[in-house]
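All chains are named by letter (A, B, ...) in the order of the sequence lines, taking the proteins before the strands, and each is independently numbered beginning at 1.
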Amino acid sequence: MVEVRVVDMRLSEEYEALRKTVAEFAHDVVAPVIGELYERGEFPADVVRQMGRLGLFGLPFPEEYGGMGGDYFALCLALEELARVDSSVAITLEAGVSLGAMPIYRFGTEEQRREWLPRLAAGEVLGAFGLTEPGGGTDAGATRTTAVLDGDTWVINGSKAFITNSGTEFTGFVTVTAVTGQRPDGGKEISSILVPAGTPGFSVAPGYSKVGWRCSDTHELSFTDVRVPAANLVGERGRGYAQFLQILDEGRIAIAALSTGLAQGCVDESVRYANTREAFGRPIGRNQAVAFMVADMEVRASTSRLAYYDAASRMLRGEPFKRQAAVAKLVASEAAMDNARAATQVHGGYGFTNDYAVGRFYRDAKILEIGEGTSEVQRMLIARELGL
Amino acid sequence: MNIVVCVKQVPDSWAEKKLNPSDSTLDRDSVDAVMNELDEYAVEEALVLQEAHGGEVTILTMGPEKAGETIRKALSMGADKGVHVVDAGLHGSDAVATSAVLAKALGTLEWDLVIFGIESTDARMSVVPAMVAERLGSPQLSFATKVDVADSTVTIQRQTEYGFDTVEAKTPAVVSVVEKINEPRYPSFKGIMAAKKKPVTTLTLADLGLGADEVGLAGSWSAVDEFAARPPRQAGSVVKDEGDGGVKIAEYLAGQKFI
């Protein structure tokens with residue numbers, strides 16, 4: 001018999017059990033408290049602690065480092081289910097794993113791994129990744145922060161902007177990219193260096209006043225003659241930028257999963273509302289104008305899910321996935337934005353209040369078209385992959 | 001100390017439930033199935049006791065093949081193994097028949113404690129733990145808000161309308177727990193992966209030596225003669241406060257026999 005290979009997008013029993021567990025957690029633990037925290041712009045410390053106990057921060061790491069022995073796709077499923085209820089909580093997990101712990105796991109020395117990973121995987125400590133600077137985001141090569149070796153100590157000077165999880169009570173360190181010299185071709189030699197929280201000269205500015213993601217912790221950081229041991233170099237000297245790019249490709253799949261969650265959350269909320277809210281003697285969902293809007297939302301959420309499942313499965317199989325990751329990130333973040341707009345419309349005036357989740361979704365959606373590479377960057381990457 | 005936790009798969013408590021018109025049993029296909037929420041407290045309590053005293057935690061369930069999912073969930077929370085009584089003849093079993101099956105199944109296992117959730121969210125009889133204890137001839141400690149085990153003595157706290165009871169018995173014993181007792185853990189992904197490799201034994205009525213007439217619709221002592229859909233919810237009444245709002249509310253509550 002000829003073996004026929006067909007695409008099978010069903011989740012295995014274990015992935016499905018994980019998805020259900022996180023969905024339950026989001027419904028029981030996150031949903032009841034997040035609205036108030038969001039209005040106050042407060043970091044959800046208690047929720048994060050419980051996410052830690054549930055093992056979410058350890059999902060893609062092996063058990064020998066205190067992880068759950070899962071993979072990156074397991075993380076994506078968790079992100080989708082969390083973001084279906086709230087994006088601030090989801091991005092805290094995404095940044096904690098992808099940007100905080102992953103560089104240590106991927107590029108760190110065995111000693112760094114042993115020191116940090118078990119606590120990172122347990123969610124007891126959050127790591128942050130300091131790449132973006134006040135003068136540049138996408139143009140990572142324009143790094144101005146410097147690190148100079150003084151004997152066996154790095155001396156770091158400069159500042160970083162929009163750094164997630166950098167000022168929480170859990171924050172253990174920030175891995176910063178810094179110029180450590182000149183490459184033979186004259187370009188900047190960029191390296192990553194781990195700076196523990198509380199190191200003298202490392203200061204954390206008060207949090208940004210953000211439009212959305214209001215429970216996510218984001219700060220500008222400054223470094224003035226910050227001294228850390230030479231052993232705090234993460235990965236190879238001069239490979240800081242290249243390492244970062246590798247992390248970023250994966251991160252796009254994670255953001256696509258998170259965006260899919262937001263897009264799906266808009267569907268969930270709109271279906272519930274359209275079935276219960278009555279106008280002119282019947283539920284508004286019986287009106288085709290509303291029903292079609294919700295149907296289109298479902299189309300966008302499902303398409304986004306397929307796109308990120310595809311990118312993630314390629315990545316797990318060890319195949320190139322740069323293009324698929326960019327496609328997934330682009331399609332899902334635009335779906336999130338479109339669905340948030342439509343869901344708010346379905347809710348009418350109530351959608352413009354903070355009493356319904358869709359208002360929060362609306363505020364949270366826009367950043368998805370900006371962070372982890374703007375939509376323009378994704379189009380550029382896709383075009384480049386196509387040979388244009 | 002070995003513990004058996006009896007769990008039941010039920011329709012999602014938030015879902016609209018329907019009965020089959022043909023035999024007046026629950027239509028299980030029309031709704032999502034989950035572990036009875038009140039059983040999660042029983043599983044959690046067993047795991048807490050195991051952490052303190054060692055031994056094995058076995059999950060016992062009776063139900064169609066799909067009910068195996070509920071065993072799997074308890075295993076992913078950390079229990080060691082499962083026993084699933086599955087047989088077409090079980091369909092339609094009431095509390096009396098269910099207790100007969102569980103008692104027989106418990107007879108095949110070694111245990112010091114059997115723990116139940118206080119009731120199932122579908123049938124809500126709250127009698128199966130007592131019936132099982134009676135059939136086994138074991139002491140029953142019901143409605144526990146706290147369970148302590150020392151040597152071969154189990155002590156529970158119970159809150160009643162009249163005060164607080166402390167009840168003690170020698171093991172082996174049957175305990176039922178209320179939701180105040182603990183906060184059930186969520187299964188971790190590591191737990192989910194590990195659960196796949198944990199053993200689950202299936203038993204049939206023949207394995208338990210039970211005849212078809214002792215269980216299922218035929219062996220049940222209760223039967224549903226007829227049923228009707230719940231009437232639609234009535235609009236609430238609004239009490240307008242014209243200086244006598246308190247009195248009006250009190251009169252309403254008294255009229256409903258709430259006070």
Side-chain angles (χ1 to χ4, degrees), chain A residues 11-32 46-82 93 97 118 121-123 268 272 275-276 278, chain B residues 7 9-16 31-41 43-44 47-48 51 59 61 65-79 82 84 121 179-180 182-200 232-233 235-236:
Chain A
L11 297 179
S12 72
E13 226 177 278
E14 299 76 51
Y15 284 137
E16 180 58 21
L18 171 73
R19 196 193 62 74
K20 272 195 185 150
T21 301
V22 181
E24 213 175 287
F25 177 86
H27 177 269
D28 297 347
V29 179
V30 182
D46 192 48
V47 171
V48 169
R49 219 167 275 128
Q50 293 184 65
M51 283 159 67
R53 281 202 289 275
L54 178 51
L56 297 184
F57 288 92
L59 275 176
F61 305 115
E63 291 182 32
E64 56 169 317
Y65 297 112
M68 290 287 124
D71 51 39
Y72 205 79
F73 184 55
L75 172 70
C76 289
L77 289 174
L79 290 172
E80 183 189 337
E81 288 304 328
L82 286 175
L93 173 64
V97 175
D268 302 341
R272 191 177 310 145
N275 269 327
T276 50
E278 296 198 355
Chain B
V7 301
Q9 188 177 52
V10 297
D12 192 340
S13 32
W14 302 105
E16 196 68 32
V31 283
D32 282 348
V34 297
M35 183 196 295
N36 173 37
E37 276 172 42
L38 296 162
D39 294 344
E40 291 185 16
Y41 299 91
V43 174
E44 177 67 29
L47 295 174
V48 170
E51 280 158 18
I59 304 300
T61 201
E65 199 162 322
K66 193 174 162 54
E69 293 167 2
T70 287
I71 293 184
R72 214 44 89 180
K73 162 126 191 221
L75 296 179
S76 67
M77 287 170 77
H84 185 179
T121 56
E179 66 263 45
K180 250 182 282 174
N182 56 41
E183 191 58 54
R185 66 196 67 188
Y186 291 93
S188 71
F189 194 56
K190 192 157 69 179
I192 290 168
M193 301 291 276
K196 235 173 71 171
K197 298 180 207 107
K198 291 177 179 174
V200 177
R233 189 186 287 229

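Both the backbone and the side chain of A/Ala17 come within less than 4.5 Å of a heavy atom of chain B.
Chain B is approached within less than 4.5 Å, heavy atom to heavy atom, by A/Thr21, A/Glu24, A/Phe25, A/Asp28, A/Val29 from residues 20-29 of chain A, ordered by number.
Residue pairs meeting the salt bridge (Lys or Arg N to Asp or Glu O under 4.0 Å) criterion with at least one partner in residues 48-62 of chain A, sequence neighbours excluded, are A/Asp46-A/Arg49, A/Arg49-A/Glu169. Pairs of residues two or more places apart, or lying in two chains, that qualify as salt bridge (Lys or Arg N to Asp or Glu O under 4.0 Å) and include a residue from residues 63-78 of chain A are A/Glu64-A/Arg114. Contacts classified as ring pair (Phe, Tyr, Trp, His ring centres under 6.0 Å) and involving residues 46-72 of chain A (residues at least two apart or in different chains) are given here: A/Phe61-A/Tyr105.
Shown here for A/Leu54 and B/Pro187, the closest heavy-atom pair between the two residues is CD1-O, 3.3 Å. The shortest non-hydrogen separation linking A/Gly70 to B/Phe189 is CA-CE2, 3.4 Å.
The residues B/Lys196 and A/Glu14 are annotated as salt-bridged, a charged nitrogen and a carboxylate oxygen being separated by less than 4.0 angstrom.
Counting heavy-atom neighbours within 6.0 Å of B/Glu65 CD, excluding the residue itself, gives a total of 12 or less.
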